[in-house]
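Worksheet for the structure shown next.
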Amino acid sequence: MSADQDSTTARIAASITAAIVERRLMPGTKLAEQKLADIYHCSRTLVRQALNQLSRDRLVTLHPARGAFVAEPSVEEARQVFETRQMLERAMLGQLVERITPAQIKALRAHLKQEREAVARTDVPGRTRLLADFHVLLARQLGNEVLAEMLADLLSRSSLIALMYQSSHSAAESQAEHEAIVDALEARDKKAVQKLMDTHLGHVEANLRLNPRVKDLKEALSSL
C-alpha cells in the first residue's frame, strides 16, 4: 500500500473515531462501505481497511454478509472498561504527581479553560472531546505514548458505553472534578489526587445505567 493510501485509511479511521467520541455516531449505526467511500472520495478497499482497523480497536463490529456497525458494548464490557481505567489512571497519577512541572500545570490549566468554555456554551461534541482528552493529556505529560494510546482507546470505548448506558451525568460535574485533580497535582498531594480520580471515575460509572431496573418479567408486569 502506498503512503497516500495509508494516509487516507488513517484519516477515515480517525474521522469515524472522532464521530463516535463526540457522540455523533450512535452504537449500532450501520457503516455502509459505499456510502463511506462516497463521503471520503476514495475506494471501498480503503474504507474496508479503515473499518478493519476500527474493528481491531473494538469500535466497530463486522458481521459476515451484514457489514460493519458501530459497536454496542455489553454491560460486562462496560464494567471492565471502567475497572481498567481506574487501575491505569490511579497508577498514572501516582507517578505524575511526583514529577509534574509548572509548565505542565500551566498546560492543564489552559485545557481546563477550554473545558469550562465548552460546558458554558453547551457545546456537546466539543466538551465531550475535551473532557476525554484531559485524561490522555495526563498520560502524555508522563512522556508515555503507549499509555496515552491505551487510554485513548479506552476513552473511545467509554464514549460508546456512555451513549448506550448514560443517564443524566453532568458534564459540569466532570469538569469541576478535573479542576480538583489539577489542584491536587499542583499541591503534589499523591493521596488526594488518586482519591479524586477514583471518585471521578466512580461518578462517571455510577451515572451509567449498568443495572437493569427491572429484574424479571413478573416484576415488569406487576403494575398491569
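The CG atom of Leu46 lies 13.5 Å from the NE2 atom of His41; values are rounded to the nearest 0.5 Å. Atom CG of Leu138 sits about 5.5 Å away from atom CG of Leu108, to the nearest 0.5 Å. In this structure, CD1 in Ile100 is found 12.5 Å from CD in Gln95, a value given to the nearest 0.5 Å. Here His111 contributes atom NE2 and Arg116 contributes atom CZ; the two are 11.0 Å apart, rounded to the nearest 0.5 Å. We find the CD-CZ distance between Glu186 and Arg109 to be 5.0 Å, quoted to the nearest 0.5 Å. For the atom pair CG (Leu31) and CG (Leu54), the distance works out to 8.0 Å, reported to the nearest 0.5 Å.
You'll find the side chain of Ile16 stays beyond 4.5 Å of the side chain of Leu59, heavy atoms only. At least one side-chain heavy atom of Glu115 sits under 4.5 Å from a side-chain heavy atom of Leu112. By the 4.5 Å heavy-atom criterion applied to side chains, Ser156 and Asp57 are not counted as neighbours. Taking the side chain as every heavy atom from C-beta outward, Leu154 and Thr84 approach each other to under 4.5 Å. The shortest distance between side-chain heavy atoms of His200 and Val204 falls below 4.5 Å. Inter-residue side-chain proximity for Glu83 and Gln86 is flagged as unmet; no heavy-atom pair is nearer than 4.5 Å. Residues Met92 and Leu151 are in side-chain contact: their nearest non-hydrogen atoms beyond the backbone lie under 4.5 Å apart.
Within a 6.0 Å radius of CZ in Arg58, other residues, nucleotides and ligands contribute 12 heavy atoms or fewer. Atom NZ of Lys30 is surrounded by more than 12 heavy atoms from other residues, nucleotides or ligands within 6.0 Å.
Formation of a donor-acceptor pair under 3.5 Å by the Ser55 side chain with backbone atoms of Leu51 is not found in this model. Looking only at distances, no side-chain donor or acceptor of Ser15 sits under 3.5 Å from a matching main-chain atom of Arg11. Asn52 contributes a side-chain N or O that, together with a main-chain N or O of Arg48, makes up a donor-acceptor pair within less than 3.5 Å. With hydrogens and angles disregarded, no donor-acceptor distance shorter than 3.5 Å links the side chain of Gln49 to the backbone of Thr9.
Smallest separation of non-hydrogen atoms from Ala171 and Arg127: CB-NE, 3.5 Å. Closest approach of Ser158 and Phe82 over heavy atoms only: OG-CZ, 4.3 Å. The nearest pair of heavy atoms linking Gln104 to Arg99 is OE1-O, 4.1 Å. Nearest approach of Gln141 to Ala107, heavy atoms of both residues: NE2-CB, 4.1 Å. Nearest approach of Leu196 to Ala184, heavy atoms of both residues: CD1-CB, 3.8 Å. In plain terms, the two heavy atoms of Gln53 and Ala13 that are nearest each other are NE2-CB, 3.6 Å.
A salt bridge links Arg140 with Glu145: the distance from a Lys NZ or Arg NE/NH1/NH2 to an Asp or Glu carboxylate oxygen falls below 4.0 Å.
When hydrophobic clusters are built by joining Ile, Leu, Val, Met, Phe, Trp and Tyr residues whose side-chain heavy atoms come closer than 4.5 Å, directly or via intermediates, Leu201 is grouped together with Val182. A single hydrophobic cluster is not seen to contain both Ile181 and Leu131; linkage of ILVMFWY side chains at heavy-atom distances under 4.5 Å, directly or through other members, places them apart. Put simply, Met87 and Val136 are part of two different groups of oily side chains (I, L, V, M, F, W, Y) that touch within less than 4.5 Å, one to the next. When the side chains of ILVMFWY residues are joined at heavy-atom separations under 4.5 Å, either directly or via intervening members, Ile20 and Leu130 end up in two distinct hydrophobic clusters. Residue Ile12 is not grouped with residue Phe69 when hydrophobic side chains (ILVMFWY) are merged at heavy-atom distances under 4.5 angstrom, including chains of intermediate members.
Classification of the His178-His135 ring pair by plane angle, with boundaries at 30° and 60°, yields perpendicular.
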**Request:** Any chance you could lay out the side chain to side chain contact (heavy atoms under 4.5 Å, CB included) test for Gln34 and Val47, step after step, and finish with the verdict?
**Result:** CA-CA 8 Å; Gln34 188 57 57; Val47 167; over 6 Å; no
**Request:** Could you walk me through whether Asp189 and Val97 pass the side chain to side chain contact (heavy atoms under 4.5 Å, CB included) test, one step at a time?
**Result:** CA-CA 7 Å; Asp189 189 334; Val97 73; 5.8 Å; no
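Remark: the Glu179 side chain and the Gln175 side chain contain an N/O donor-acceptor pair separated by less than 3.5 Å. Gln194 and Asp198 share no side-chain donor-acceptor pair at under 3.5 Å.
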